[in-house]
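Before any comments, here is the structure.
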There are 4 protein chains.
Amino acid sequence: MSVEPALSRNERKKAELRREIIDAAFEAFAERGYHATGIADIAARLGIGHGTFYRYFENKRDIVDHVVSATIERIVGALTAENAPGAVDTLEGYRAQSVRIADALAEIITSDPRVPRMLVIEAPGVDPEMANRVLDFFDLAADLNAAYLSHGVERGYLRPGLDVVNTARAINGMILAAAIDGIRRPGVDHQRELSAAIIGVMFDGISRSM
Amino acid sequence: MSVEPALSRNERKKAELRREIIDAAFEAFAERGYHATGIADIAARLGIGHGTFYRYFENKRDIVDHVVSATIERIVGALTAENAPGAVDTLEGYRAQSVRIADALAEIITSDPRVPRMLVIEAPGVDPEMANRVLDFFDLAADLNAAYLSHGVERGYLRPGLDVVNTARAINGMILAAAIDGIRRPGVDHQRELSAAIIGVMFDGISRSM
Amino acid sequence: MSVEPALSRNERKKAELRREIIDAAFEAFAERGYHATGIADIAARLGIGHGTFYRYFENKRDIVDHVVSATIERIVGALTAENAPGAVDTLEGYRAQSVRIADALAEIITSDPRVPRMLVIEAPGVDPEMANRVLDFFDLAADLNAAYLSHGVERGYLRPGLDVVNTARAINGMILAAAIDGIRRPGVDHQRELSAAIIGVMFDGISRSM
Amino acid sequence: MSVEPALSRNERKKAELRREIIDAAFEAFAERGYHATGIADIAARLGIGHGTFYRYFENKRDIVDHVVSATIERIVGALTAENAPGAVDTLEGYRAQSVRIADALAEIITSDPRVPRMLVIEAPGVDPEMANRVLDFFDLAADLNAAYLSHGVERGYLRPGLDVVNTARAINGMILAAAIDGIRRPGVDHQRELSAAIIGVMFDGISRSM
DNA sequence: TATGAATGAGGCTTCATTCAT
DNA sequence: GATGAATGAAGCCTCATTCAT
């Protein structure tokens with residue numbers, strides 16, 4: 001028995017349109033830029049009156065917040081799906097998990113390069129508050145990374161004494177590089193190669209082993 | 001004896017004001033954002049009439065181009081100063097050079113966090129063309145990195161068979177991470193720690209050495 | 001049964017406002033001059049916001065084009081109403097037709113002297129393109145005149161060997177003189193006298209008949 | 001012995017530059033239009049600083065006044081040169097004089113079509129006051145015409161009872177037509193043909209003589 | 001509930017004019 | 001006297017937002 005509040009037909013339709021508006025705004029912002037996009041552009045993509053927009057969202061600033069939230073959720077969702085945090089206890093396990101995460105990210109990036117574009121190119125320029133949200137997200141990702149690293153150090157398969165916080169930020173930067181790369185070079189194969197290089201650096205560094 | 005083309009007093013003053021306008025615009029864009037900054041804001045910072053602005057720059061788009069150029073030059077200048085490309089032939093030499101480069105970057109970032117803010121937060125959101133300029137700059141940095149890596153592979157102090165192009169991009173991402181980190185956490189000490197972590201990952205990876 | 005495409009109430013109101021804007025612009029341009037008139041002036045005459053103007057016309061240049069078009073149509077409409085081209089075959093018939101045309105013109109000019117003012121004073125100074133439109137209109141009128149003259153020469157009631165093209169231009173000039181005269185001296189009676197003088201010169205010249 | 005106040009070398013140079021500024025302004029106004037021409041444009045044509053302009057003329061409105069005055073004087077000068085008002089006492093004499101006047105006008109118009117352009121296209125659109133000046137000039141020309149006609153009626157070689165005032169305006173219009181024609185079709189030969197047609201209408205009308 | 005007509009704050013840009021050098 | 005750097009009034013236009021239908 002479902003205990004969720006049943007949505008009336010009307011409510012379902014409203015929610016659906018709301019989602020469509022977010023999607024249309026995402027497309028418009030990613031393609032033309034936030035500042036160059038008008039509310040009318042978004043409405044026109046859906047064939048609705050632009051007055052209708054204001055029945056679903058407060059204002060332009062409101063929609064971009066939802067668009068960015070949806071974009072972040074898309075990424076987070078993909079990652080947590082492939083992800084059992086703390087479920088690995090060996091170097092190989094961690095490496096395999098890293099590959100899975102990288103693949104999941106590559107999938108998002110290559111299937112829709114507007115995702116990294118929105119997050120890296122458009123969102124930070126919206127206004128200082130939004131820039132902070134994006135930076136917060138980066139920090140959050142770094143925190144998550146750091147947790148993995150701590151786990152690895154504790155378990156002994158990562159270097160003892162590793163500066164987990166800053167190393168996490170460094171690794172985070174490589175992931176960001178992959179995202180940015182996907183904006184301009186969206187092929188899956190290429191993204192895989194880049195992932196491999198990232199994981200190579202991450203685990204082994206670039207020095208010739210002696 | 002100076003052989004430089006002597007600038008008249010007038011020309012010197014014009015060049016000076018031009019530079020001041022670029023600086024004021026840099027400040028305004030970094031602090032309030034490009035789109036939230038009006039020409040009048042820039043002029044007001046200098047106590048000049050806003051009409052004067054248009055004697056020095058074509059329009060708002062023109063000034064941001066110059067601001068970004070100046071910002072990029074600031075970075076490039078700092079790097080090339082510390083930089084003898086291809087002048088190292090050992091792992092330790094490369095590592096030391098990497099430290100010097102990292103220090104130079106840290107110096108820029110911590111001495112003026114508006115530099116990374118302008119490049120990473122504001123510039124990409126100006127318009128698609130500017131976003132491309134920034135992405136071009138990232139690509140250029142990656143190309144430079146790749147050249148270093150190639151040199152190291154040839155000389156034998158870096159891992160044979162290294163995917164230099166993609167590895168360069170990965171390393172580039174870590175540098176970007178440092179830049180972004182500097183936006184929010186501008187202390188020199190912290191930046192040094194982050195640099196150390198980056199160089200640690202870069203050369204040795206995170207795996208426990210056997 | 002009306003077969004005309006039924007305009008919705010909304011469409012009718014829009015078309016009506018559009019017409020009112022053209023009228024207000026006509027008034028403003030005729031009274032203050034095109035360059036001295038601001039969009040805000042036009043809007044203020046109608047008690048609408050100046051933003052509303054831009055819902056109906058592209059820009060200032062657009063509205064003056066429509067104003068001039070409407071002005072030309074007003075003249076052309078009045079003339080073609082009184083006008084059966086080629087329907088006369090005698091000198092007296094042509095003279096009578098000329099009188100009718102002159103009366104129609106006099107009616108327009110005296111009922112609204114802003115019509116000649118717009119066409120002769122304001123429009124040419126808008127920009128070179130508009131000046132060309134006005135000159136084109138004069139040329140068109142001359143062409144029409146020439147057709148009448150040709151007809152008369154063929155039918156034999158006008159002088160054989162008449163240089164119809166240039167004579168048409170000369171007559172055109174007399175009509176223009178009437179228009180200009182109407183700008184400053186708009187009385188109907190006066191306009192009639194001028195028309196009579198024009199037709200006198202046109203048909204008989206000024207020489208004492210022998 | 002000259003009793004005219006001798007101009008110092010300096011004063012002569014000033015007067016010369018003054019004339020050059022008027023000429024340059026004439027060119028600029030005729031070619032680009034009054035409103036589209038900036039003071040800087042005029043100064044640039046002469047290679048002088050635009051601040052210098054204000055040492056010779058009060059403001060932009062001032063210079064166009066002088067330009068129009070010079071233009072009118074150019075016409076009046078050419079006409080009065082060929083012109084002995086009241087010196088003819090026969091129809092043929094008047095006709096010959098009319099031809100001479102027409103030739104003089106044709107000479108001005110074809111040698112510099114910017115003259116009619118300035119007077120008919122540009123000047124009226126400057127502002128209402130300038131429009132009045134132009135209309136005044138037309139009226140003056142009509143008055144002059146009327147004087148000739150009166151003389152002819154008195155002497156008996158023009159039609160008795162002629163409405164000299166309005167007929168003068170009609171003839172004036174034909175002259176205006178020639179001026180306008182010269183704007184677009186500046187050939188001397190063509191202008192001569194048009195003059196002939198005008199004089200033909202003026203003296204004989206278009207009716208077939210019985 | 002959906003619409004789009006109306007609005008006007010806001011921002012960019014031009015250019016005639018001034019005035020210190 | 002000549003210059004051109006500086007100025008800011010003025011005007012065009014956009015577009016987010018409101019609200020009557």
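Note that the structure is predicted; figures quoted are calculated from it, not measured. So that the names make sense, note that chain A is the first sequence line, chain B the second, and so on, each numbered from 1.
Listed in residue order, the members of residues 26-47 of chain C having a heavy atom less than 4.0 Å from DNA chain F are Thr37(C), Gly38(C), Ile39(C). Using a 4.0 Å cut-off on heavy atoms, the residues of residues 51-60 of chain C that approach DNA chain F are Tyr54(C), Asn59(C), Lys60(C), listed by number.
Using cut-offs of 30° and 60° on the angle between ring planes, the pair His35(C) and His35(D) is parallel.
Put simply, CZ on Arg32(A) and CD1 on Ile42(A) are 11.0 Å apart, with the number rounded to the nearest 0.5 Å. Considering CZ of Phe57(D) and CD1 of Ile22(D), their distance stands at 4.0 Å, rounded to 0.5 Å.
Here the P atom of nucleotide dT3(F) and the NZ atom of Lys14(B) are 16 Å apart, to the nearest Å.
Both Arg61(D) and Lys13(B) sit near DNA chain E, but only Arg61(D) has its closest nucleotide nearer the 5' end.
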>> For DNA chain E, please output the secondary structure as dot-bracket, reading 5' to 3'. Pairs are Watson-Crick or G-U wobble, both atom distances under 3.5 Å; mark crossing pairs with [ ], other-strand partners with |, unpaired with a dot.
In response: .||||||||||||||||||||
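Judged as a side chain to side chain donor-acceptor pair (under 3.5 Å), the pairs with a partner in residues 117-131 of chain C (not counting sequence neighbours) are, in order, Arg61(C)-Asp127(C).
Of all nucleotides in DNA chain E having an atom under 4.0 Å from a heavy atom of chain D, the first and last in 5' to 3' order are dA16(E) to dT18(E).
Here the side chains of Ile183(B) and Pro116(B) are in contact, with some heavy-atom distance below 4.5 Å. A heavy-atom distance below 4.5 Å is found between the side chains of Asp65(D) and Arg133(D). Using a 4.5 Å cut-off on side-chain heavy atoms (C-beta onward), Asp112(D) and Phe26(D) make contact.
Here the shortest heavy-atom pairing between Ala43(A) and His50(A) reads CB-CA, 3.5 Å. Here the closest non-hydrogen pair linking Val134(A) and Leu119(A) is CG1-O, 3.7 Å.
Arg19(D) forms no cation-pi arrangement with Tyr56(D), by the criterion of a distance under 6.0 Å to the ring centre and an angle within 45° of the ring axis. For the pair Arg114(B) and Phe29(B), the cation does not sit on the ring face, since its NZ or CZ is not both under 6.0 Å from the ring centre and inside 45° of the axis. For the pair Lys60(A) and Tyr54(A), the NZ or CZ position fails the cation-pi test of under 6.0 Å to the six-membered ring centre and within 45 degrees of the ring normal.
Side chain His50(C) to base dC12(F): no donor-acceptor pair is found below 3.5 Å.
Every residue was checked against the salt bridge (Lys or Arg N to Asp or Glu O under 4.0 Å) condition with Asp41(D), not counting sequence neighbours, and none meets it.
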